[in-house]
Protein chains: 2
Amino acid sequence: MLERKVKTVRALERGLDVLVEVQTRRAVSLHELHQALHLPKATLLRMLLTLGRKGLVWQRLADGAYLPHLGAAARGTGSAVEHIAEIASPYMKALSTRVAWPSVLGVPRLDHMEILETNSPLFRLDSAILGPVGVKLSYIHTATGRAYLAACDESEREAIIARLRPKDAAPGSEDDLRAILAETRGRGYALREPLHPWPDRSKQLVLRDGRRSMAVAIMAGGAPIATINLTWPAKRGTDEAVMQRHLEALQQTAQAIGRAVADQSGGGQGR
Amino acid sequence: MLERKVKTVRALERGLDVLVEVQTRRAVSLHELHQALHLPKATLLRMLLTLGRKGLVWQRLADGAYLPHLGAAARGTGSAVEHIAEIASPYMKALSTRVAWPSVLGVPRLDHMEILETNSPLFRLDSAILGPVGVKLSYIHTATGRAYLAACDESEREAIIARLRPKDAAPGSEDDLRAILAETRGRGYALREPLHPWPDRSKQLVLRDGRRSMAVAIMAGGAPIATINLTWPAKRGTDEAVMQRHLEALQQTAQAIGRAVADQSGGGQGR
DNA sequence: GGCCGCGTTGCATGAGGTGAAACCCGCGAA
DNA sequence: TTCGCGGGTTTCACCTCATGCAACGCGGCC
């Protein structure tokens, strides 16, 4: 293998350098690649397009960063769940063309929801900037968090609530939360209203950012694995109008993503 | 990602096709790639050289087949043990330049040792053709099998012996086997002599192929994970001379491979 | 011995990879 | 508001370098 008289293929060689670079750093911008590999950006762009077409890397909407596609590697390692962002990304892009407001994809963590992807850069409006990837959202005060809590298994819900319950929780406040979640579950989508008394991360910020938000869970295999929301400025007309207009699209998108994740976990190996 | 005005890099594109093809079929010959991808062999050769240099594929000595390098994929999935063949291959190539006879790398299976790699194609002698990859060797009648049995943990040894014990085993024959293994362990290397009465796969073949063979275990983390042997024609001078001359090289090679495997499993991620 | 299949090498040709330069676009500063 | 800047994107003319034909080596098999 090592010794061979023939020359190597330079274009392939450099392309593989890019691939390896993307794989080692988990997320990388064009500019970072540029200064790491000393290749002109134009060249990098063409290589990334090629790698993308072959399904080896993908570009996150949230920040345009290039990420490795784990699929080929973990072939058969189950859990396409780790790829939700990658799988959801194209659906969120499509969603951005159907509705006028940006969305965020969130996944549950121990005591918060984490943003994995957002299509907000696709909107021109400066009011549309949603937190970058990695931002932590409250389970209690955000539509995203409530959508997950309402959809998840009871034992999981209990565990999360227990984790968030303040020492000095007002009597009855926990029942209020449960009532909110029950209503959310019945309604089929979550809102950041009504207000709930417990403190939790960035509660104040949520309260006064002047936005409204609705969210639904993404289900796969009977369990919620993520959520997707829609955020719009509060001043924008009546909330009911917005919600009526876009709820269906949001739910359809969530279902489509859930189906795609289930498909990947099951038989197909994608592309 | 999908839509982009710029052109893709054809050379990279085709190279990735080759990579993917090698990854999906686990082992593939140049000719197979040729008819699968409809690329001239010369081109394929250059691409494979490039992929090899980047550590994404490697070529098996045994049959020249190209195999994917699992490393990048399973990064952190531990057990470099599955890569023994890949890791051992270069050492076996080096060994072929130090000694005059071919070697085989074997790993334990339920009731036999399986050949994973051999450097025999590097020898011109037609007497040197050793079974292709996948051949099953007897634990009892081959040096390779005995080397493993002698080196492994007692409980594992007992399990294997129990599995192989014939219903009508002659009294004392099992003790004979244990004695053989004990002597092997003390000596530090295994031989296919002395004969043992139990029947086992291809016993007859081993008895009359007119060859002699010696083998040592490859240790990693205190346990044997594979074996490497040396085979030569029986007619070739005195066996003692051959063994004296090459035993050290064989043991050094086994140790080097064991160390390489341990290194990969531990810290480094190889390329 | 001669044929065939497969891997390998050499080399002339022009397809296509390359990167400088220009363009775009959003952002922050003035 | 304009300007400048830093990133990403596109264009395009140059000329390397990927390409595949052709020829060779070698071992196996009839």
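In the text below, chain A, chain B and the rest are named by the order of the sequence lines, each starting its count at 1. What you see below is based on every heavy atom in this structure, not just the backbone, and it leaves out hydrogens, waters and symmetry mates.
Applying the salt bridge (Lys or Arg N to Asp or Glu O under 4.0 Å) rule to pairs touching residues 15-34 of chain B yields K54(A)-D17(B), E21(B)-R25(B), sequence neighbours excluded.
For the pair L49(B) CG and dG7(C) C1', the interatomic distance rounds to 14 Å; values are reported in whole Å. Atoms CG (L39(B)) and C1' (dA18(D)) sit 12 Å apart, rounded to a whole Å. Going from atom NE2 of H34(A) over to atom P of dT9(D) covers 14 Å, rounded to whole Å. Rounded to a whole Å, the CG atom of L33(B) is 15 Å from the C1' atom of dT8(C). Distance CG (L45(A)) to C1' (dC23(C)): 14 Å, rounded to an integer number of Å. One atom, CG of L37(B), and another, P of dG20(D), lie 12 Å apart when rounded to the nearest Å. Rounded to an integer number of Å, the gap from D63(A) CG to dG6(D) P is 21 Å. Taking atom CE of residue M47(A) and atom P of nucleotide dG16(C), one finds them 16 Å apart after rounding to whole Å.
The phosphate of dG16(C) (OP1 or OP2) has no side-chain N or O of R14(B) nearer than 4.0 angstrom.
The side chain of H31(A) lies closest to dG8(D) when the candidates are dG8(D), dG19(C), dG20(D). Picking from dG19(C), dT8(C), dG8(D) the nucleotide with the shortest atom distance to the side chain of A42(A) gives dG19(C).
A 4.5 Å side-chain heavy-atom check between T144(A) and I115(A) finds every atom pair outside the cut-off.
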Are any protein N/O atoms closer than 3.5 Å to N/O atoms in nucleotides 14-17 of chain D? If there are, list each pair with its distance.
| residue | atom | partner | partner atom | Å |
| --- | --- | --- | --- | --- |
| dC17(D) | OP1 | R10(A) | NE | 3.4 |

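One finds no salt bridge joining E114(A) and K136(A) here, because no Lys/Arg side-chain nitrogen approaches an Asp/Glu carboxylate oxygen to under 4.0 Å.
No side-chain donor from either of T50(B) and E13(A) sits under 3.5 Å from a side-chain acceptor of the other. Between S138(B) and D200(B), the side chains place a donor N or O and an acceptor N or O closer than 3.5 Å (distance only, hydrogens not considered).
In terms of position along DNA chain D, the nucleotide closest to K41(A) lies nearer the 5' end than the nucleotide closest to the other residue of the pair L12(A) and K41(A).
Here the side chain of N229(B) pairs no donor or acceptor atom with the backbone of S103(B) at under 3.5 angstrom. A donor-acceptor contact shorter than 3.5 Å is absent between the side chain of T43(B) and the backbone of L39(B).
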